[in-house]
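Lettering follows sequence order; numbering is per chain, from 1.
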2 protein chains.
Amino acid sequence: MDIPLSHEIIVGDCVAEMARMPAASVDLIFADPPYNLQLSGALHRPDDSLVDAVDDDWDRFASFEAYDAFTRAWLLAARRVLKPNGAMWVIGSYHNIFRVGAILQDLGFWILNDVVWRKNNPMPNFRGRRFTNAHETMIWAARSADAKYTFNYEAMKAGNDDLQMRSDWLLPICTGGERLKDADGRKVHPTQKPEALLARVLMSSTRRGDVILDPFSGSGTTAAVAKRFGRSAIGIERDRTYAAAARERIAGIETLSDEVLSESPTKREAPRVAFGVLVEQGLIAPGARLTDHKGNLEAVVRADGTVAAGNVVGSIHKIGALVQNATACNGWTFWHYDKAGRRVPIDELRTQVRSQMAADGA
Amino acid sequence: MDIPLSHEIIVGDCVAEMARMPAASVDLIFADPPYNLQLSGALHRPDDSLVDAVDDDWDRFASFEAYDAFTRAWLLAARRVLKPNGAMWVIGSYHNIFRVGAILQDLGFWILNDVVWRKNNPMPNFRGRRFTNAHETMIWAARSADAKYTFNYEAMKAGNDDLQMRSDWLLPICTGGERLKDADGRKVHPTQKPEALLARVLMSSTRRGDVILDPFSGSGTTAAVAKRFGRSAIGIERDRTYAAAARERIAGIETLSDEVLSESPTKREAPRVAFGVLVEQGLIAPGARLTDHKGNLEAVVRADGTVAAGNVVGSIHKIGALVQNATACNGWTFWHYDKAGRRVPIDELRTQVRSQMAADGA
DNA sequence: GTGAGGCATGAATCTAGTA
DNA sequence: ATACTAGATTCATGCCTCA
């Protein structure tokens with residue numbers, strides 16, 4: 001498997017640069033927008049009119065208004081470049097995240113989760129007047145409510161001791177060797193995010209070869225992690241110094257091997273096999289008796305791949321639901337057949353068919 | 001010490017009822033407004049059991065605009081009844097919290113922290129399409145940016161193994177005996193909050209005898225915890241059934257004993273002692289040499305209670321910051337004096353003065 | 001009385017593909 | 001767009017029953 005990847009950092013204003021990109025061209029956006037309300041650069045409204053600069057004289061309301069206009073502008077541009085089934089992550093703190101969240105809802109994004117990044121080693125509150133600000137908030141949102149977004153549920157669960165991944169993630173902040181330093185040993189970027197955070201974001205909600213966009217690229221963590229994990233990345237950054245550091249950083253990253261990156265098909269993605277195929281192939285005989293795992297409820301296999309309970313005939317799922325008086329049922333795991341005196345789920349027979357199909361295909 | 005307390009549940013619409021209350025009469029508001037969940041269709045667990053969803057009328061809004069208008073109305077009414085130095089907590093989920101947060105910022109509230117309630121035992125995500133929604137978000141905000149809000153820093157820290165209390169709190173959801181049930185054994189209220197959550201909120205940000213208002217009182221957890229911890233409470237609740245259950249619940253609560261509730265004075269509340277007083281009282285002599293704990297950096301005590309480093313003169317804090325090239329410094333713990341050959345923080349001298357003051361006062 | 005096992009349940013924006 | 005169907009999907013906790 002060989003997916004051509006590219007990793008690019010564009011220097012420029014993200015609203016203008018996104019406007020130059022083709023619409024519906026990006027699978028996932030990760031954005032770490034500025035949350036300093038005393039904005040220094042020029043702000044543009046969605047109609048590209050200039051927002052009055054916010055300077056030392058800033059008044060709170062004017063400042064929020066300016067920040068909202070800026071947020072609406074970049075979110076609109078971001079939504080345009082997203083594929084219909086695309087999704088977005090935004091990270092922020094209490095200073096800005098509520099405004100960002102409300103506006104993205106207004107624009108039609110559909111929030112899937114808010115995820116809390118709990119920091120192992122946050123900066124203490126030195127003045128003792130508040131709680132230690134020990135987390136940041138990420139919003140994960142699909143482009144729209146009906147988007148078929150990517151979520152690697154099984155991978156997340158497997159990586160979490162076989163428990164569902166929760167909405168609170170404990171990860172250390174970016175320090176030590178991972179932190180980019182300039183020639184004088186000073187940190188290159190004030191808010192460099194840890195690669196582990198981006199790794200979980202990308203591994204949970206993208207596939208190999210996906211195109212990731214980071215409109216506030218900064219030190220390039222998103223693109224660096226994308227490259228390592230076999231995803232393409234486009235970073236946009238206004239500051240040439242940050243962009244240069246990011247390019248150098250990304251150049252030094254190697255994409256992991258195919259072996260490590262190859263995705264095992266999930267249960268949902270496995271080829272569909274009808275129960276009738278098992279009967280056709282003689283894996284289970286017409287007239288065979290199926291039961292639930294306790295052996296109490298039963299049904300009889302019919303030649304056409306349906307099953308019968310009493311005088312009612314239907315699919316393994318329908319009849320499974322019926323005999324339990326339930327609204328729905330997965331017949332594959334509910335029904336068992338007799339295999340040398342042991343009750344075994346019929347799903348085992350489906351697995352046999354699938355492995356045979358895979359062997360034939362190879 | 002005997003503070004007269006009252007605990008009242010008013011039946012009515014919270015906006016109207018708050019409008020009838022005197023302005024600037026409440027110390028703290030805790031609000032658990034409807035979340036606007038926007039549920040569609042039924043959800044079943046994998047075992048086919050039905051999830052008892054929050055589908056009550058009070059949680060249904062026609063649109064985001066309608067929800068925003070509702071939010072603005074109750075936040076405005078709430079702000080009016082708050083004392084100038086009052087504060088507010090609001091709890092919500094990703095469905096509503098971003099809108100609430102943005103609006104309260106617009107109205108002039110000043111966010112102090114967002115606090116994450118991490119649930120030990122959240123409901124799983126049954127369809128495997130998202131992360132387990134394992135937390136809710138609380139916003140803690142002062143009435144205005146210049147409010148002198150209450151924060152019991154020392155108590156929080158002491159109750160957290162002498163570590164600063166963080167912005168993420170791990171607490172179980174409300175189940176078992178604490179959960180109010182009606183005569184048929186059904187839960188009285190669909191979203192009853194755990195008392196432990198309210199206990200931490202009230203113990204962190206109120207004082208004994210404070211007046212607490214809960215505009216969405218529901219099952220009365222806020223008032224119940226307020227009564228237990230020696231605070232007054234006003235609950236407003238539209239639903240008569242909820243209000244009746246809350247009144248009965250509150251009647252069964254006993255306020256803890258004076259002994260348990262008496263607040264140990266925090267360092268911040270301890271009488272202020274200027275460094276000059278130590279000089280005046282002869283506890284440290286003008287001309288004495290102060291150093292940092294390693295003995296590297298130094299300053300000289302002046303007769304007027306300032307200190308000098310080189311030819312710069314200023315407070316112990318200012319000069320402490322200067323010699324470290326830092327923006328701020330607590331001079332009391334930074335500077336040490338020579339006590340029989342050992343370097344001892346000057347804070348020890350302040351403690352001596354305070355105990356003398358306490359003895360004089362007694 | 002005690003421990004093992006079954007059962008209920010919690011603020012939930014919870015599917016995907018084909019006809 | 002709507003309808004139908006195949007089929008994938010749960011963790012911690014408290015209470016109860018039964019051995």
(message) Does the plane of the ring in A:Phe151 sit parallel, tilted or perpendicular to the ring in A:Trp140? Use 30° and 60° as the thresholds.
(response) tilted

(message) Could you identify the nucleotide paired to C:dC14, looking across every strand shown and requiring Watson-Crick or G-U wobble geometry with both distances under 3.5 Å?
(response) none

(request) Assign B:Asp32 to base, sugar-phosphate, or nothing according to its heavy-atom contacts below 4.0 angstrom with the strands shown. (result) base

(message) At less than 4.0 Å, is any side-chain N or O atom of A:Ser315 found next to OP1 or OP2 of D:dA6? Yes or no.
(response) yes

(request) Find which nucleotide of DNA chain D each of A:Lys267 and A:Lys318 is nearest to by heavy atoms, and output the residue with the more 5' nucleotide. (result) A:Lys318

(request) Indicate, with a heavy-atom threshold strictly under 4.0 Å, whether B:Pro194 touches base, sugar-phosphate, or nothing. (result) nothing

(request) Could you tell me the separation between the CZ atom of B:Phe126 and the C1' atom of D:dG7, rounded to a whole number of Å? (result) 18 Å

(request) Between C:dT13, C:dA11, C:dT9, spot the one nearest the side chain of B:Leu37, thanks. (result) C:dA11

(request) Assign B:Thr132 to base, sugar-phosphate, or nothing according to its heavy-atom contacts below 4.0 angstrom with the strands shown. (result) nothing

(message) Pick the closest DNA chain D nucleotide for A:Gln164 and for A:Val273 by heavy atoms, then say which residue is nearer the 5' end.
(response) A:Val273

(message) Does any part of the side chain of A:Phe98, heavy atoms only, come nearer than 4.5 Å to the side chain of B:Ile103, both counted from C-beta?
(response) no

(request) Just compare C:dT13, C:dT9, D:dA6 and give me whichever is closest to any side-chain atom of B:Asp47. (result) C:dT9

(message) Let me spell it out: for each of B:Lys119 and B:Asn125, pick the nucleotide of DNA chain C with the closest heavy atom. Which residue's pick is nearer the 5' end?
(response) B:Lys119

(message) Rounded to whole Å, please give me the gap between CZ in B:Arg130 and P in C:dT15.
(response) 8 Å

(message) Taking the cut-offs as 6.0 angstrom to the six-membered ring centre and 45 degrees off its axis, would you call A:Arg143 and A:Trp110 a cation-pi pair?
(response) no

(request) Give B:Thr191 one of three labels, base, sugar-phosphate or nothing, depending on what nucleic acid heavy atoms sit under 4.0 Å from its own. (result) base

(request) Name the closest nucleotide to the B:Leu43 side chain, picking from D:dG14, D:dT10, C:dC14. (result) C:dC14

(request) May I have the distance from B:Arg45 (atom CZ) to D:dA8 (atom C1'), rounded to whole angstrom? (result) 17 Å

(message) Can you tell me if B:Arg127 touches the phosphate of C:dT15, counting only side-chain N or O atoms and a distance under 4.0 Å to OP1 or OP2?
(response) yes

(message) Would A:Arg289 pass as a cation-pi partner of A:Tyr337, given that its NZ or CZ must be under 6.0 Å from the six-membered ring centre and within 45 degrees of the axis?
(response) no

(message) Check B:Arg228 with B:Glu195, please: is the shortest side-chain N to carboxylate O separation under 4.0 Å?
(response) yes

(message) Any N or O donor-acceptor pair under 3.5 Å from the base of C:dT15 to the side chain of A:Arg268?
(response) no

(request) Find the distance A:Asn330:CG to D:dT10:P and express it as a whole number of Å. (result) 12 Å

(request) Check every strand shown and say whether B:Gly41 touches a base, only sugar-phosphate, or nothing at a heavy-atom separation below 4.0 Å. (result) base

(request) Decide, applying a 5.5 Å centre-distance limit and a 30° plane-angle limit (both strict), whether A:Trp110 stacks on C:dT13. (result) yes

(request) Please state whether the phosphate of D:dA6, meaning OP1 or OP2, lies under 4.0 angstrom from any side-chain nitrogen or oxygen of A:His317. (result) no

(request) Validate the cation-pi geometry between B:Arg247 and B:Tyr242: distance from NZ or CZ to the six-membered ring centre under 6.0 Å, angle to the ring axis within 45°. (result) no

(request) Calculate the interatomic distance between B:Leu170 atom CG and D:dC11 atom C1'; express it in whole Å. (result) 14 Å

(message) What's A:Ile111 touching, base or sugar-phosphate or nothing? Going by heavy atoms closer than 4.0 Å.
(response) base

(request) Counting heavy atoms from C-beta on, name the nucleotide in D:dG7, C:dA11, C:dT9 closest to the side chain of B:Trp58. (result) C:dA11

(message) For the C1' atoms, the ones on C:dT13 and on D:dA12, what distance do you get once it is rounded to whole angstrom?
(response) 23 Å

(request) Rounded off to whole Å, could you give me the OH-to-P distance for the B:Tyr35 and C:dT13 pair? (result) 12 Å

(request) Establish, with yes or no, whether the OP1 or OP2 oxygen of C:dA16 is under 4.0 angstrom from a side-chain nitrogen or oxygen of B:Arg129. (result) yes

(message) By the 4.0 Å heavy-atom rule, please label B:Pro122 as base, sugar-phosphate, or nothing.
(response) base

(message) I'd like the C1' distance from D:dT10 over to C:dA8, given in whole Å.
(response) 13 Å

(request) Write down the partner of C:dC7 under the Watson-Crick or G-U wobble criteria, each distance required to be under 3.5 Å. (result) D:dG14

(message) Side chain of B:Pro46, heavy atoms from C-beta onward: which of D:dT10, C:dA12, C:dA11 has the nearest atom to it?
(response) D:dT10

(request) Take atom CG of B:Asp52 and atom P of C:dC7, then tell me their distance rounded to the nearest Å. (result) 20 Å

(request) Could you tell me whether B:Arg200 sits above the aromatic face of B:Trp169, with NZ or CZ closer than 6.0 angstrom to the six-membered ring centre and within 45 degrees of the axis? (result) yes

(request) Check the pair B:Arg45 / B:Asp47 against salt bridge (Lys or Arg N to Asp or Glu O under 4.0 Å), numbers first and verdict last. (result) CA-CA 5 Å; B:Arg45 298 184 182 80; B:Asp47 66 3; 5.4 Å; no

(request) Please state whether the phosphate of D:dA8, meaning OP1 or OP2, lies under 4.0 angstrom from any side-chain nitrogen or oxygen of A:Arg350. (result) yes

(message) I want to check one thing: is the phosphate of C:dG10, taken as OP1 and OP2, less than 4.0 Å away from some side-chain N or O of B:Lys187?
(response) yes

(message) When both hydrogen-bonding distances must be under 3.5 Å and the geometry is Watson-Crick or G-U wobble, what is C:dA19 paired with, if anything?
(response) D:dT2

(message) Looking at C:dT13, I'd like to know if its phosphate oxygens (OP1 or OP2) sit under 4.0 Å from a side-chain N or O belonging to B:Tyr67.
(response) no

(request) State whether B:Asn133 places a side-chain N or O below 4.0 Å from either non-bridging phosphate oxygen (OP1 or OP2) of C:dT13. (result) yes

(request) State whether B:Phe64 and B:Arg99 meet the cation-pi test: NZ (Lys) or CZ (Arg) under 6.0 Å from the six-membered ring centroid, and within 45° of the perpendicular axis. (result) yes

(request) For C:dA11 versus C:dC7, give the span between their P atoms, rounded off to a whole number of Å. (result) 23 Å

(request) Starting at atom CG of A:Leu112, determine the distance to atom P of C:dT15, rounded to an integer number of angstrom. (result) 11 Å

(request) Give a yes/no on whether any side-chain N or O of B:Asn121 is located under 4.0 angstrom from OP1 or OP2 of D:dC11. (result) no

(request) Determine if the base of D:dT10 is syn or anti; take syn to mean the glycosidic torsion is within 90° of 0. (result) anti

(request) Determine: side-chain N/O of A:Lys157 to OP1/OP2 of D:dT10, distance under 4.0 Å, yes or no. (result) yes

(request) Can you tell me, in whole Å, how much space there is between the C1' of D:dC18 and that of C:dG1? (result) 14 Å

